[in-house]
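Worksheet: the structure to be examined is printed underneath.
In what follows, chains carry the letters A, B, and so on, assigned in the order in which the sequence lines appear, proteins first and then strands, with residues in each chain numbered from 1. Only a predicted model underlies this, so the values are computations on that prediction, with no experimental measurement involved.
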Amino acid sequence: MEKKRQFAMLGLFLSMVLIDLASSNAIAAEVKEPYKIGMSAARTGPAAVSYTPGSEGIRVYIEKINEAGGINGRPIKLMIEDDGGVGTKAGSNIKKFAEAGAHLVTVASVSATYGPAIAEARRANIPILFGAGSVSPKESLPPNPDPLVFATSDKGMLADPHRGVETISQIASKLGIKQVIIGIVVMDIPVAMGIAQRMKILAEKKGWGVIMSPIPPGAVDLTAVAAKWIERGVNFGIESGPTVARLMYPALMKRGWKGNFVILYEAFNYLTDIKADNLYAICSVTPLEMMNLPEHKEIVEASKKYKASIVLTENLWGWDTGKVLEKILRQAGWPPTTKKFLEVMNDFECDNRPLARLHKWTPNDHLGSLVWRAYKWDKKIRQVVPVTDWRRSSATGEIIEKVVPKL
Amino acid sequence: MIQFIADSLVLACLYALASMGFVIIYRSSRILNLAHGELIMLGGYFGFVIIPLLGGITWAGVILAFLCSFVLGLLLYFLFIRPLMGEPLFAPIMLTIGLSIMLKGIAGFIWGADPRMLTLSLKIPDAPHQIFTDLILSTYDIAIIFAAIFFLGGILLFLKYSRLGIQMRAAAESHLLASQRGINILAILALTWSIAVITATAAGILYGASVNISPETGLVGIKALSVAIVGGMGSIVGIIPAALIVAFAEYGVSRYIGPELSEIIPMAIMLLVLLIRPWGLLGTKEEVERL
């Protein structure tokens, strides 16, 4: 009797072990290895205002994809590290991602981080995508882009000066201003300075007067710059660099400036906060403030659901980059190797219109053409409205054409 | 020229307001509070949050923000500074560095990195006013000038004529002697911290209204620190010439040479003063020797 009971107990134990083994095998089969993406973003520091929304846009989009079952049956593991806009930190972030087995890395940060980030990506031989509000680095531009460097950024280092000057030209012509004197206030960081210097050359070619005012990151008071502009009769102001407009515009206005200020980079919510007649913002996406697309609603809802720390038009850049990432991963399949990624990315199209643009990459151009138009606050209808037509330019900005919808 | 003088004066008043807290705390406890810049930032956020809560009644919001600052000052003293009394001086200084990083992080977590416009909460736009033909000052420029005069004058009168002020001066001379005379040193030091945080809040609200408020606003504190050191860390009156020198030099360089160079001016003046007169313009040599 005792033996029988011992056999029964042993049988029970073995069957439990078998059940346990079987179930753990089943779980192992269900949990597939994820696609690993690393994102280095300026989520703190002076530039965080420009890059937190974009990085949140990517995160929210990827969370949405994961909830819908992932890509090719696999989840995406997004590793996010803050670089604070510091180059060395961005470099060590990319290194960290590479060591964690990242298949692809993305950067949403200031230009000071690009060199170290690209160097580490090269070392690890991982594709690196600049998006979510970053300026497209020169390594992504035609005709000889770096094989590993790509950009979804609507901010083009070479194209931005063209679109700044073109936009001022359009607004001046609308307002009937014949003699343009522009003030360029620029944060003294590499790409912003490059953009400002090119803008100066283009403006001078048009016969405009130009005053360029570089300011260091962390400047707290621009009253002196404003006084200089007013004294020199500046009638158009433009900025280059994160948060610069928010320092310069109030400094000008409190001295009774009567000119027009164009924001090249960000701050759509600044338009809606200030509600001024003479403040314009250039934008390459259909701004969230217009709320005229079904996707706007989807973005707001997803941002709420996945607890985005901030929801602005700038989040759309991240959402746009998220869609590009999704398509790259889908086309690359599994296992994702750098070779596969590069095959996909060198002959790539992702149509994100009308929210954003058509991203088209070729072996000779890792950025594609850019579109934009300018907006301002309309006091009568109390909403942000477009004030110029859509324009399209090449990645390097030289060729500019008027575009009719759809973008 | 008159605009140049007025702009520099406004900047000097802002720096004076921002540097007062450094001096007040240093005088009483010999602690260099390196979190003061972040307290300025936090003060701006107090205004940003509290004023709309009171339906945009600016004066009531500002008073409530000052009350919150008073309580914050007490908390900071009793939670962080008091336990380190008697420790080597570097301990509380290191603590204030930690505190500054923590406050900046907390502000970023709560309000994000997006610069906030305090004028929206205050509901008073920073409109330009033509004072003379060649002189324009904005609403908050004028407010900054008056606030600096009010706080600087108020604190000087308070220290000179009020019972508490005299006790604060006694405590600043010697904690031991003051306590032997029956002065409650703990209460006096706590009050000092509260007054310093109130001045920081005033500077934060006015800077936030004039420019904007963000977790990076603490950078104003670095310039304010140079003003405090140039004036003499223990001298409230020293703030006046120091703020004027730093502001006029910074504004002049920014206006006539370039804003990039102007950012180093406060530090350059501070280094120069430290080399020539380490105790500052109106500080005392004994003060430095005592340390």
Evaluate the side-chain proximity of [Y] to [X]: yes if any heavy-atom separation is below 4.5 Å, no if none is.
X	Y	result
B:Leu11	A:Thr223	no
A:Val220	B:Lys223	yes
A:Tyr270	B:Met117	yes
B:Glu263	A:Ile215	no

task: Tell me, out of B:Val253, B:Leu219, B:Thr139, who's got the most heavy-atom pairs with chain A below 4.5 Å.
output: B:Leu219
query: Among A:Ala251, A:Pro216, A:Ala48, which residue forms the greatest number of heavy-atom pairs with chain B at distances under 4.5 Å?
result: A:Pro216
task: Enter the distance from A:Leu222:CG to B:Ser254:OG here, rounded to the nearest 0.5 Å.
output: 7.0 Å
- prompt: Using non-hydrogen atoms and a limit below 4.5 Å, what part of residues 200-213 of chain B faces chain A?
  reply: B:Tyr207, B:Ser210, B:Val211, B:Asn212
May I ask you to check whether over 12 heavy atoms, not counting those of [X], lie within 6.0 Å of atom [atom1]?
X	atom1	answer
B:Tyr256	OH	yes
A:Lys200	NZ	no
A:Lys304	NZ	no
B:Met94	CE	no

message: Evaluate A:Arg255 against B:Gln3 for side-chain contact (heavy atoms from CB on, under 4.5 Å), listing each step before the verdict.
response: CA-CA 10 Å; A:Arg255 289 290 169 269; B:Gln3 187 68 56; 3.2 Å; yes
Pairing residues for B:Tyr15 by the side-chain hydrogen bond (donor to acceptor under 3.5 Å, both in side chains) criterion, not counting sequence neighbours: B:Glu250
Interchain contact, B:Pro115 with chain A, by part (heavy-atom threshold 4.5 Å): both
Shortest non-hydrogen contact from A:Pro214 toward B:Pro259: O-CG, 3.2 Å
message: A:Lys254 and side-chain contact (heavy atoms from CB on, under 4.5 Å): which single residue from B:Leu137, B:Asp141, B:Ile136 fits?
response: B:Asp141
